[in-house]
Number of protein chains: 2
Amino acid sequence: MRLFKKAAIIGVGLIGGSLALAIKKSGLAEKVVGVSRHKKSIDLARKRGAIDEGSLSLDIVKDADLLVFAAPVSVILKLAPEVSRIIKKECVVTDVGSTKKEIVSRLEKIFPGFIGSHPMSGSEKRGVAHANGGLFKDSICILTPTGKTKKGSSSKISLMWKSVGAKNIYLSPDAHDKILSCVSHLPHIAAFSLINAVPDGFLRFASSGLKDTTRIAASEDELWVDIFLSNRKNLLNAIKAFEGALSSIESAIKTNNRTRLAQILKKAKEKREKLG
Amino acid sequence: MRLFKKAAIIGVGLIGGSLALAIKKSGLAEKVVGVSRHKKSIDLARKRGAIDEGSLSLDIVKDADLLVFAAPVSVILKLAPEVSRIIKKECVVTDVGSTKKEIVSRLEKIFPGFIGSHPMSGSEKRGVAHANGGLFKDSICILTPTGKTKKGSSSKISLMWKSVGAKNIYLSPDAHDKILSCVSHLPHIAAFSLINAVPDGFLRFASSGLKDTTRIAASEDELWVDIFLSNRKNLLNAIKAFEGALSSIESAIKTNNRTRLAQILKKAKEKREKLG
């Protein structure tokens, strides 16, 4: 179904490129254009059929009736004012940033058609080379409407995510950032810390346990600096909770408290089994 | 190649059952017998062709010329004295315990033919139902000989692991426990703590990041209580290092130090990429 005439994606990396591919595949837009800071990404995105046209300049987004910011949080915040001067007022605008409070409060002021999105289908891989039109299939996409969000924007963006295979969940930007600080940002903190705590010389003894636990530590560092710093308050709370949980185990080991240690691990096992 | 007449496995769970299956498959022993505390496990191990005979009683290990302890550390330590009164002096003995210092120092005193092993091919799954004769293929097995280890035992056990597909590495029990505290025990501590730090209500928002990072938190709690408590000193040091790494990230977030945070994450990313 053709929802848009011209879709513009700012940032044709893993997520932007995958969304572009999925939009092309589903026929949601007549034309898809992409912006990147890197000519190589534009060329590859065109070659892979993700975009019809690409440019290093934001001017290409003019006349778009769908605009998606698919860049790191700080880049979205930096580009937004300039983009707002180029696009049409009626343009439906969303982003795929991993934190929502800061982005939503800034972007809904300058884009009348804005609603925040967070497709939860990232990967430690990056770049359009790894883009995949099926990336959003059976994934969760969190939409973060506010009192200012227009119904038309909300229903179009919701339909877009559904059409590319995602299941939509609605949360306030605040709730989103609090939940994500625990289920996504904290696991990254744990993975980054864990790999940094293992002496280099021991790495060759790593088996699947360490590998799985630290897989996401190979994520793009710049992207995660942005995410962490744009969700500081929630994240510092989540880290405190993690330190508390770690310290209970540490103290049970230190005091040789078998019963207490067994209780803690059993609770963890039962909780983990719920995740499937 | 037939190395043994009668192989006895004490504990036919995931590891013991998989080793029994692999020994049967490779023809390393004429006969394989198994001991378990649970009749169901014995029946299933026989049905799956892992053992020729099984028993709830240790008496069945009499006359074995290969004995493998495949039980949690505390169970191995508890059963060893009784087993030593039953088996032949010439019997080659090993174990698959995840910590080595305590087991090796106790078992080499009572079994002349002892050498410690640690096949690094566990899983969060348990029980003979998940046993798999290919479990050790392309895995690492750490052998921990000491000054007391007989050459004959060492070469037979080394050949056994090679025959079932493992690559052997030799370490002292001390070095083993220190390395494993970092590459295996600490990741489990991190995973248990992480899942315990996530509020129950948020679990439905978990994506692959949290799932991978906490997969091993579904591991058998009793087994890991044993492992943690039998490697306390090393593990407490590893936890301290982890807390240090965590606290560097926390402090960079707290102080909004983008440069420092980027350095830490970049170091982690580069280290993780080495793991493949």
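Of the possible donor and acceptor atoms, one in the side chain of Arg232(A) sits under 3.5 Å from a partner among the backbone N and O of Lys254(B).
When each of Asn231(A), Asp95(A), Asp177(A), Thr146(A) is tested with Lys100(A) by the rule side chain to side chain donor-acceptor pair (under 3.5 Å), just one qualifies, namely Asp95(A). Under the side-chain contact (heavy atoms from CB on, under 4.5 Å) rule, Phe69(B) has a single partner from Leu107(B), Thr94(B), Ile9(B), Val96(B), which is Leu107(B). Tested against Pro187(B), the residues Ile195(A), Leu210(A), Thr214(A), Val198(A) include a single side-chain contact (heavy atoms from CB on, under 4.5 Å) partner, Leu210(A).
No side-chain heavy atom of Arg204(B) sits under 4.5 Å from any side-chain heavy atom of Ile140(A). A heavy-atom distance below 4.5 Å is found between the side chains of Ser158(B) and Tyr170(B). Side-chain contact between Ser207(B) and Ser139(A) is absent, with no heavy-atom pair separated by less than 4.5 Å. Looking at Asp212(B) and Ile216(A), their side chains never come closer than 4.5 Å, going by heavy atoms from C-beta outward. Here the side chains of Ile264(A) and Arg260(A) are in contact, with some heavy-atom distance below 4.5 Å. Looking at heavy atoms from C-beta onward, Phe136(B) lies in side-chain contact with Ile15(B) at the 4.5 angstrom threshold.
The most heavy-atom pairs under 4.5 Å with chain A, out of Ser193(B), Ala206(B), Ala191(B), Ala238(B), come from Ser193(B). In terms of non-hydrogen atom pairs under 4.5 Å with chain B, the most contact-rich of Glu243(A), Lys233(A), Glu270(A) is Glu243(A). Per-residue counts of heavy-atom pairs under 4.5 Å with chain A were compared for Leu235(B), Leu186(B), Ile253(B); the largest is that of Ile253(B). For the set Arg258(A), Lys240(A), Lys267(A), Lys178(A), the count of heavy-atom pairs under 4.5 angstrom toward chain B peaks at Arg258(A). Counting heavy-atom pairs under 4.5 Å between each of Leu203(A), Asp200(A), Asn257(A), Asn256(A) and chain B puts Asn256(A) at the top. If you tally non-hydrogen atom pairs under 4.5 Å between each of Asn196(A), Leu275(A), Ile142(A), Leu261(A) and chain B, the highest count goes to Asn196(A).
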Apply side chain to side chain contact (heavy atoms under 4.5 Å, CB included) to residues Asn132(A) and Leu21(A) and explain how you reach the verdict. CA-CA 7 Å; Asn132(A) 153 21; Leu21(A) 278 168; 5.6 Å; no
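Residue Lys274(A) touches chain B through its side chain alone, counting heavy-atom pairs closer than 4.5 Å. Contact of Lys211(B) with chain A is made through backbone and side chain together, with heavy-atom distances under 4.5 Å. Heavy-atom distances place no part of Leu180(A) under 4.5 Å from chain B, backbone and side chain included. If you measure heavy-atom distances from Ser184(B) to chain A, you find no contacts under 4.5 Å at all. Ile189(A) touches chain B through backbone and side chain together, each having a heavy atom under 4.5 Å away. For Ile249(A), the part lying near chain B is the side chain, with the backbone staying farther off; criterion is any non-hydrogen pair under 4.5 Å.
Under the salt bridge (Lys or Arg N to Asp or Glu O under 4.0 Å) criterion, Lys101(A) pairs with Asp174(A), sequence neighbours left out.
Within residues 221-228 of chain B, the residues that have a heavy atom under 4.5 Å from a heavy atom of chain A are Asp221(B), Trp224(B), Val225(B), Asp226(B), Phe228(B), listed by number.
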